[in-house]
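Everything below concerns the one structure shown next.
Keep in mind the model is a prediction, meaning the values are calculated, not measured. Along the sequence shown, residues are numbered consecutively beginning with 1.
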Amino acid sequence: MANIAKIFASRAQCVLQAAARQPQVATRFSSSSTNNNWEYIKTEVAGEGKNVGVITLNRPKALNALCNGLMKELSTALQQFSKDKTISAIVLTGSEKAFAAGADIKEMVGNTYSQCIQGNFLNDWTEVARTQKPIIAAVNGYALGGGCELAMMCDIIYAGDKAKFGQPEIALGTIPGAGGTQRLTRVVGKSKAMEMCLTGNMIGAQEAEKLGLASKVVPADQLLGEAVKLGEKIGTHSNLIVQLCKEAVNTAYETTLQEGLKFERRTFHATFSTADRKEGMTAFAEKRPAKFTNE
């Protein structure tokens, strides 16, 4: 608890040390999506087919604390990649030291209840959850508070072997406000979510994988490359069907079993109206690779 409080207090006072150097990634990158003059993020296109968008949170001195400016840029970048028909999946990452160590406390410290209510505070932090294309969170270092919540908004979490996840808002006299008490509970169960939210205790990458919070743990210096490879694998399938499948899984996450089964069945039926379903089954029968057109 003392260590968590110290991390947050230090960040709020703007005296945190610069984050460690971003690890090198073997996967080839293109600069075709770096035209924006970003202040808080970086964007790139990765993969042999240049079909994976990569967004890197870039506030190293603040351990990628999630300020309003960063979240606005993130939303804009996500919208741009969503509209780009050449992008099949998106990877969201930070530095080796921190994915994101939480929301920017300095920005929030003066907020009042009435300001939060009337301004609908945090409502515009949900672009990640609304994005139709698959988003893979590549989490190295700290993913605390809003950082953990941001990772959980993504569809898949790959964790570096030194990653730390936590919801330490309790140490600041508040509670998680962007899904920490809701998404975490659905993933790790009530008991573990209660423990994490009521104590502020962190869990490591291996425990996160065991609990189902992360789907894979890899060495920190290989994390981004592995996440991009996953995005490339997803990109070998029909983008249209991938989006339908993502929606079906999210429905299971958010509704009852019977409602989810009905939604899944109807979506399955709907795929029979697509050219890609016909192509996929025809290619299988003819023992050849499918050539999807996303139609």
Side-chain angles (χ1 to χ4, degrees), residues 21-36 38 40-58 64 70-71 73-96 98-100 127-141 143 147 150-160 163 214-247 249-250 276 280 289-295:
R21 178 177 59 88
Q22 179 76 13
Q24 296 297 312
V25 181
T27 308
R28 186 157 50 92
F29 284 87
S30 163
S31 60
S32 59
S33 287
T34 58
N35 297 325
N36 296 76
W38 306 117
Y40 301 112
I41 66 173
K42 295 187 293 184
T43 56
E44 297 171 284
V45 173
E48 291 300 318
K50 298 181 181 179
N51 64 335
V52 179
V54 178
I55 302 173
T56 303
L57 307 183
N58 189 35
N64 292 330
L70 184 151
M71 295 307 293
E73 288 189 356
L74 175 58
S75 293
T76 300
L78 287 169
Q79 290 166 8
Q80 290 180 357
F81 279 138
S82 293
K83 294 175 182 177
D84 189 340
K85 293 182 178 180
T86 68
I87 299 299
S88 299
I90 301 167
V91 173
L92 178 60
T93 193
S95 69
E96 188 169 342
F99 175 74
E127 188 64 36
V128 173
R130 292 197 303 265
T131 300
Q132 288 184 294
K133 293 182 179 179
I135 303 179
I136 303 154
V139 178
N140 261 326
L150 180 62
M152 289 190 291
M153 291 180 198
C154 298
D155 302 303
I156 301 170
I157 298 177
Y158 270 18
S215 62
K216 188 174 183 178
V217 177
V218 298
D221 60 351
Q222 299 175 26
L223 176 65
L224 186 52
E226 288 298 310
V228 169
K229 288 179 183 177
L230 177 62
E232 290 184 282
K233 173 63 176 178
I234 293 171
T236 64
H237 306 300
S238 162
N239 292 348
L240 170 62
I241 304 302
V242 163
Q243 290 183 27
L244 291 175
C245 191
K246 169 177 171 171
E247 187 176 3
V249 173
N250 280 333
D276 281 348
K291 297 180 180 179
F292 296 119
T293 59
N294 303 319
E295 296 179 352

Using a 4.5 Å cut-off on heavy atoms from C-beta on, say whether the side chain of Pro134 contacts that of Val242.
yes
From CD (Gln80) to CD1 (Ile90), nearest 0.5 Å:
10.5 Å
Identify the heavy atoms of Ala46 and Val228 that sit nearest to each other, and give their distance.
CB-CG1, 3.8 Å
Side-chain touch Ile87/Val45, heavy atoms, less than 4.5 angstrom
yes
Taking the side chain as everything from C-beta on, heavy atoms only, tell me whether Tyr40 gets closer than 4.5 Å to Leu74.
no
Applying side-chain hydrogen bond (donor to acceptor under 3.5 Å, both in side chains) to Thr86 and not counting sequence neighbours gives Asp84
Using atom types as modelled and distance alone, determine if a side-chain donor or acceptor of Asp276 lies under 3.5 Å from a backbone N or O of Phe292.
no
Mind checking side chain to side chain contact (heavy atoms under 4.5 Å, CB included) for Thr236 and listing every partner two or more places apart, or none if nothing turns up?
Lys233
Mark yes or no for whether Thr56, through its side chain, and Ile41, through its backbone, hold a donor-acceptor pair below 3.5 Å.
no
Supply the atom-to-atom distance Asn58 CG to Leu70 CG, rounded to the nearest 0.5 angstrom.
9.0 Å
Shortest non-hydrogen contact from Ala98 toward Asn64:
O-ND2, 2.9 Å
Who pairs with Glu73 by salt bridge (charged side-chain N to carboxylate O under 4.0 Å, His left out), at least two apart in sequence or on another chain?
none
By side-chain hydrogen bond (donor to acceptor under 3.5 Å, both in side chains) - contacts of Lys216 (at least two apart)
Glu226
Between Ile136, Ile157, Leu150, which is the residue that forms a side-chain contact (heavy atoms from CB on, under 4.5 Å) with Leu92?
Leu150
Beyond-backbone contact of Thr131 with Phe81, side-chain heavy atoms, under 4.5 angstrom
no
So, the side chain of Asn239 versus the backbone of Asn294: is there a donor-acceptor pair under 3.5 Å, distance only?
no
Over all heavy atoms of both residues, which pair between Val91 and Ala138 is shortest? Give the atoms and the distance, please.
CG1-CB, 4.1 Å
Distance-only, no hydrogens or angles: does the Asn51 side chain make a donor-acceptor pair with backbone N or O of Ser88 under 3.5 Å?
no
Can you sort out the partners of Gln243 under side chain to side chain contact (heavy atoms under 4.5 Å, CB included), two or more places apart, ordered by chain and number?
Gln132, Lys133
Evaluate the side-chain proximity of Val128 to Cys154: yes if any heavy-atom separation is below 4.5 Å, no if none is.
yes
Quick check for you: to the nearest 0.5 Å, what is the distance between Leu223 atom CG and Phe99 atom CZ?
10.0 Å
Check side-chain hydrogen bond (donor to acceptor under 3.5 Å, both in side chains) between Lys246 and all other residues, then give those that pass, not counting sequence neighbours.
Asp155
Looking at CD of Glu232 and CD of Glu48, how far apart are the two atoms once the value is rounded to the nearest 0.5 Å?
6.5 Å
